[in-house]
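Structure record follows, encoded as structure tokens.
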Amino acid sequence: MIAAQRETAGASGGSGNLAALGAADWLSLAAAPTFAVMALLTGVSGGADMICSAAADASPLTGMVPMYLLMSTFHLAPWLKLISSRRGGARRS
């Protein structure tokens, strides 16, 4: 899909569109690792939700760490597409 978008952008003749698409691709790849690092740092530093989790009825699924992990999981699609396209290209060679 990304390759098709690049071909479409290249066919329109605008190199600015191609550069913007490349930046968007890199930005989409940055989301998952960024959220994973934020989850790690929040978990290690013990963020503000550690104070709130002292309540007896606190669920382990509430707080910033699970939210960051969930967001990292949801943003894995560009990485999975990149990996699958590279594996597909390696098989064809």
Side-chain angles (χ1 to χ4, degrees):
M1 180 171 177
I2 292 173
Q5 290 172 345
R6 283 193 178 134
E7 289 175 9
T8 304
S12 67
S15 62
N17 290 341
L18 188 59
L21 186 60
D25 288 343
W26 283 110
L27 188 59
S28 68
L29 288 172
T34 300
F35 286 124
V37 168
M38 290 170 69
L40 181 67
L41 291 175
T42 304
V44 169
S45 70
D49 50 291
M50 295 305 275
I51 297 168
C52 300
S53 67
D57 60 345
S59 169
L61 298 177
T62 61
M64 296 305 288
V65 174
M67 182 199 66
Y68 287 142
L69 290 175
L70 201 62
M71 290 176 72
S72 180
T73 303
F74 287 146
H75 285 88
L76 279 177
W79 281 100
L80 297 175
K81 287 179 187 176
L82 180 68
I83 291 168
S84 68
S85 70
R86 293 207 177 190
R87 286 189 179 174
R91 288 184 192 150
R92 291 184 198 128
S93 297

Query raised in the report: How does the hydrophobic cluster around F74 look, that is, which other residues are in it when side-chain heavy atoms under 4.5 Å mark a link?
Result: L70

Query raised in the report: How long is the gap from CE on M64 to CG on L41, to the nearest 0.5 Å?
Result: 12.0 Å

**Report entry** Which atom of L76 lies closest to which atom of A32, heavy atoms considered
**Finding:** CD2-CB, 3.9 Å

Query raised in the report: Residues in ring-ring contact (aromatic ring centres under 6.0 Å, His included) with Y68, at least two apart?
Result: none

Report summary line: Smallest heavy-atom separation, H75 atom then A31 atom, equals CD2-CB, 3.6 Å

Query raised in the report: If you look at every heavy atom in V65 and A39, which pair is closest and at what distance?
Result: CG2-O, 3.8 Å

Report summary line: Sequence neighbours excluded, the answer for side-chain contact (heavy atoms from CB on, under 4.5 Å) partners of L40 is V44

Query raised in the report: What residues form a side-chain contact (heavy atoms from CB on, under 4.5 Å) with A36, not counting sequence neighbours?
Result: S72

